Number of protein chains: 2
Amino acid sequence: MREPLRADMFDELCPSALNPVRFGDKWAALIIRCLEDGPRRFSELRVPLGRITPKVLTHSLRSLERDGLLTRTVLNGTTTVRVEYELTALGRSMLEPMAIACAWVAEHWEQLLDAREAYDRAIRFDRAAAALPAGRRAAAPIG
Amino acid sequence: MREPLRADMFDELCPSALNPVRFGDKWAALIIRCLEDGPRRFSELRVPLGRITPKVLTHSLRSLERDGLLTRTVLNGTTTVRVEYELTALGRSMLEPMAIACAWVAEHWEQLLDAREAYDRAIRFDRAAAALPAGRRAAAPIG
DNA sequence: CGGTATCCACAAGGATACTG
DNA sequence: CAGTATCCTTGTGGATACCG
C-alpha cells in the first residue's frame, strides 16, 4: 500500500515552502525578469510594470534587496540622481526556476481560465437548483 | 546599447504573472506535493500540513479544484463518508515546475536568511546613527 | 469524517498627493 | 528623478465552535 503522509514531511523545507520567498510575490517575478539584461533604473522599471504605484515598487525592490536578490546603487550626478537596481548572483540563480514557472503559467493559462469558468457555471447551476422547491429541481422553468 | 523595457513586455503573460496561480498560494504547493503519489483524503492531508485549519484547507482545495488542478470525489460508504482529492493531468503537469521552484528555495534558503539578517542589522545601525546629533555619527559610543 | 459558520488580525496592494 | 506620506480596500489566513 501507498505510504501514509508523515507529519514531518515538509520539515526540511522552509516554513510554508514557497510563500515567504519571491515566488509568491505579485511583482517580484516581473521585476527580476526586467533586470535580466542588466541594471535598470527606478523609472525604467515602472514602464513594463504597467500601473504599479511608486510605493509598491519601492516596497517590492526593498524586499528583494533585503533577500539579497538585487542591489541598489545610488549614482550621484551633479544635478540628477540615478538609482540603479541590479541582480546579484543569488538573484540570477533565480531566473531559471522563475522562467520555468512562468512558462508553465503561460502554457496552461487558457486551461486554467476554462476550468474556472466551468466550475463557476456549475456552482451557479447548483445554487439555482437548490433555490427551487425540492420536487421541482431540474424541472422546466416556468417563468 | 541595451534595449529599453517596453510597456507591453508582459502582455503575453497572464495578468500579474505568477500571482493568480498556485505558485503564490501558501498551501497549494504543499497540497499538490501531497497528492503526488495518488488520491488522499481530507483528514490525511491535515497531517503533513501541520496546523492548517479545516477552513483554510477546504478553501485551498476548492480553489485548486476550481482551477482544474485536482478533482474532489465523494465516496459514499453505508455509514462513513470518504472524500478523495486527486490530481488531474493539469495538476500533474505542475509537479515539475513546482519541484524546481521548491528545490531553488531549499537550496538557497540559508543564503536568503543570511541576507535578511545582514540587511536588518545594517538598517538598525543606520537608524541608530541617524538618531545621534549630526556631528557625532560613527563616533565612539559613550554609554 | 468532512466539513461550515462566525469573527478577527494582519499585511499586501492601491489611490492620491506631496517632497528632497 | 526617485521616492514618501496618508488613507483605504481587499484578501489571506487563523481561532474557535458547531453541524450532518
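Since we're looking at a predicted model, the values are computed, not measured.
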Side chain to side chain contact (heavy atoms under 4.5 Å, CB included) between B/Tyr119 and A/Asp67, intermediate numbers included: CA-CA 8 Å; B/Tyr119 184 90; A/Asp67 283 353; over 6 Å; no

Protein-nucleotide distance (A/Leu57, atom CG; C/dA12, atom P), rounded to Å: 15 Å

Separation of atom CD1 in B/Ile52 from atom C1' in D/dT16, rounded to whole Å: 16 Å

Pairs flagged by salt bridge (charged side-chain N to carboxylate O under 4.0 Å, His left out) wherever residues 68-90 of chain A is involved - sequence neighbours left out: A/Arg82-A/Glu84

Residues forming a salt bridge (charged side-chain N to carboxylate O under 4.0 Å, His left out) with A/Asp37, sequence neighbours excluded: none

B/Ser63 side chain to B/His59 backbone, donor-acceptor under 3.5 Å: no

A/Arg6: partners by side-chain hydrogen bond (donor to acceptor under 3.5 Å, both in side chains), with sequence neighbours left out: A/Asp8

Interatomic distance, A/Ile31 CD1 vs D/dA2 P [rounded to whole Å]: 15 Å

Donor-acceptor under 3.5 Å (B/Ser60 side chain, B/Ala28 main chain): no

Partner residues of B/Glu65 under the salt bridge (charged side-chain N to carboxylate O under 4.0 Å, His left out) criterion, sequence neighbours left out: none

A/Glu96, CD atom: more than 12 neighbouring heavy atoms under 6.0 Å: no

For atom CZ of A/Arg40 and atom C1' of D/dG3, their distance in whole Å: 20 Å

For nucleotides 1-8 of chain C, which of its nitrogen or oxygen atoms have a protein nitrogen or oxygen under 3.5 Å away, and what is each distance?
unit_1 : atom_1 : unit_2  : atom_2 : d
C/dC1  : O3'    : B/Arg41 : NH2    : 3.1
C/dC1  : O3'    : B/Val81 : O      : 3.2
C/dG2  : OP1    : B/Arg41 : NE     : 3.1
C/dG2  : OP1    : B/Arg41 : NH2    : 3.1
C/dG2  : OP1    : B/Val83 : N      : 3.2
C/dG2  : OP2    : B/Ser43 : N      : 3.4
C/dG2  : OP2    : B/Ser43 : OG     : 2.7
C/dG3  : OP1    : B/Arg72 : NE     : 3.3
C/dG3  : OP1    : B/Arg72 : NH2    : 2.5
C/dG3  : OP2    : B/Tyr85 : OH     : 2.6
C/dT4  : OP1    : B/Arg62 : NH2    : 2.7

Axis deviation across the helix from C/dC1-D/dG20 to C/dG20-D/dC1, five-pair ends, to the nearest 10°: 50°

For atom CG of A/Leu30 and atom P of C/dG13, their distance in whole Å: 11 Å

